[in-house]
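Down below is the structure, laid out as C-alpha cells.
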Amino acid sequence: GTGTASFSEFNPLFTSDGYTVQLNGMGGENNTYGGDAIIAAIVGKGAFSVGYSGFKTDGFRENAGQNDQIFTAFGQYDFSPQTSVQAEYRHRNLKRGDTALAFYEDFFFPGQQSKDESDTGRLGFRHAFSPESIVLASVIYQNAKASQTDNQLAEPFVSYDITSPAKSLSGEVQYLYRSPQLNVTTGVGYFDVKTHLDTTFNLFFPPPDGDGEFVFQDTTKLDVRHLNLYAYAYYKPVENLNLTAGISADYLNG
C-alpha cells in the first residue's frame, strides 16, 4: 500500500492502465556524464518496461575512468488472478581502469584495464492454488565474459592478459503454504556454471644473464555444479510462541 510506496513505484492504490516515461541526467567535472531512461506500461493483463542506464567518467586521477552501459527489458502477463509469468533480459557492458583506492594515493596501476560484459535472461512463473498455497519457479541463463589487461608493468613483467568466459544456467522451484498456525516453505534449486580462466604473462629477462622474452600461458577449468533441497516449517501453537524446524541438503561439485 501507500506506506511502502517509493519514487515512481506502482502500488495497489494507483495501479491502472497507462504509460510512464522517466528520464534522468547528470553531468560533472572530469568528463563525467550519466543518465537513464525508462518506458513502462500496464495494458490490461500485461505490463512491460524498457530501460537504459549509462555512466561515464574520466575519474579524479590517472586511469580511474569508467564507462558503464546497462539495458533492460521486462514483461509480465497475468493469465488469470492465480497464474502469471515474467520474462526479463539484461545486458551490461562495463569498462574501467584501476578504480581501487589504496592507502597511498599514488599506488595504482596506470596501464590496467578491465572489461565485464554479460547477457542475462530470466523466466518466472507463479501459480496460486489458493490464497494459502502458492508455487513459484524461476530459470536464469547468463553468458558473460570478464577480462583484465596491463601493458605498463615493472620488469621483468611486460604485460598480462587474463580472460574468464562463463555460461551459467540456474533454476529454482519453491512451494509456499500459509495458515494462521503453520507456514511451510519447500524448494529445490540447481545451477551449472561452465567457465575457465585463461592467463597469459609476457616477461622479459635482459641478457646476458637472462634469456630474453618469455611467455607463460595457462588455462584453468572452473566449472561448478550445485544442487540444493530445503524445507522449513514455522508453527505457532499460541500467540507469543513460534517454533521453527528445517532441513536442507546441498551437493556441490567443482
Side-chain angles (χ1 to χ4, degrees), residues 1-11 13-16 18-42 47-76 86-122 140-154 157-168 195 197-200 202:
T2 57
T4 58
S6 63
F7 178 65
S8 297
E9 179 183 354
F10 289 119
N11 64 78
L13 184 61
F14 298 105
T15 298
S16 61
Y19 293 83
T20 301
V21 177
Q22 179 177 311
L23 302 173
N24 292 290
M26 56 86 71
E29 294 181 332
N30 301 316
N31 197 27
T32 300
Y33 303 99
D36 58 70
I38 301 170
I39 301 175
I42 297 178
F48 77 89
S49 68
V50 178
Y52 168 82
S53 176
F55 174 74
K56 181 180 183 298
T57 181
D58 290 342
F60 65 91
R61 60 163 167 77
E62 181 185 356
N63 198 35
Q66 301 180 55
N67 190 342
D68 195 1
Q69 311 287 326
I70 301 174
F71 171 81
T72 64
F74 172 84
Q76 177 172 305
Q86 290 182 347
E88 182 180 9
Y89 169 75
R90 177 184 178 97
H91 173 81
R92 184 176 188 181
N93 191 342
L94 172 61
K95 300 176 182 178
R96 63 191 186 280
D98 184 4
T99 57
L101 298 179
F103 182 80
Y104 297 102
E105 62 181 16
D106 58 348
F107 183 76
F108 65 92
F109 296 95
Q112 179 178 294
Q113 292 292 316
S114 301
K115 181 178 180 180
D116 298 280
E117 189 170 7
S118 64
D119 291 280
T120 306
R122 181 179 68 86
I140 302 173
Y141 175 78
Q142 185 178 78
N143 186 4
K145 183 178 181 180
S147 63
Q148 187 177 94
T149 62
D150 196 331
N151 58 5
Q152 300 182 37
L153 300 172
F157 296 98
V158 177
S159 65
Y160 72 80
D161 189 329
I162 300 175
T163 304
S164 179
K167 293 182 179 181
S168 61
T195 180
L197 187 68
D198 299 326
T199 306
T200 300
N202 295 299

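Not counting sequence neighbours, the partners of Tyr160 by the ring-ring contact (aromatic ring centres under 6.0 Å, His included) test are Phe201. Applying the salt bridge (charged side-chain N to carboxylate O under 4.0 Å, His left out) test to Arg122 and every residue at least two apart in sequence or in another chain returns Glu88. For Ser168, the side chain to side chain contact (heavy atoms under 4.5 Å, CB included) partners at least two apart in sequence or on another chain are Gln142, Val193. With sequence neighbours excluded, no residue forms a salt bridge (charged side-chain N to carboxylate O under 4.0 Å, His left out) with Glu62. Annotation: salt bridge (charged side-chain N to carboxylate O under 4.0 Å, His left out) contacts of Asp68 (sequence neighbours excluded): Arg92.
How far OG1 of Thr32 is from CD of Gln66: 9.5 Å, rounded to the nearest 0.5 Å. Between atom CD1 of residue Ile39 and atom OG1 of residue Thr20 there is a gap of 10.5 Å, rounded to the nearest 0.5 Å. With rounding to the nearest 0.5 Å, the separation of OH in Tyr33 from OG1 in Thr57 is 10.0 Å. For the atom pair Leu197 CG and Ile162 CD1, the distance stands at 6.5 Å (nearest 0.5 Å).
Within a 6.0 Å radius of CZ in Phe157, no more than 12 heavy atoms belonging to other residues, nucleotides or ligands are found. More than 12 heavy atoms of other shown residues, nucleotides or ligands fall within 6.0 angstrom of atom NZ in Lys56.
Side-chain N/O atoms of Ser159 and Asn202 include a donor and acceptor closer than 3.5 Å.
Annotation: side chain to side chain donor-acceptor pair (under 3.5 Å) contacts involving residues 100-116, sequence neighbours excluded, comprise Asn63-Gln113, Arg96-Asp116, Ser114-Gln148.
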Test Asp119 against Tyr89 for side-chain hydrogen bond (donor to acceptor under 3.5 Å, both in side chains), laying out the working first. CA-CA 7 Å; Asp119 291 280; Tyr89 169 75; 2.5 Å; yes

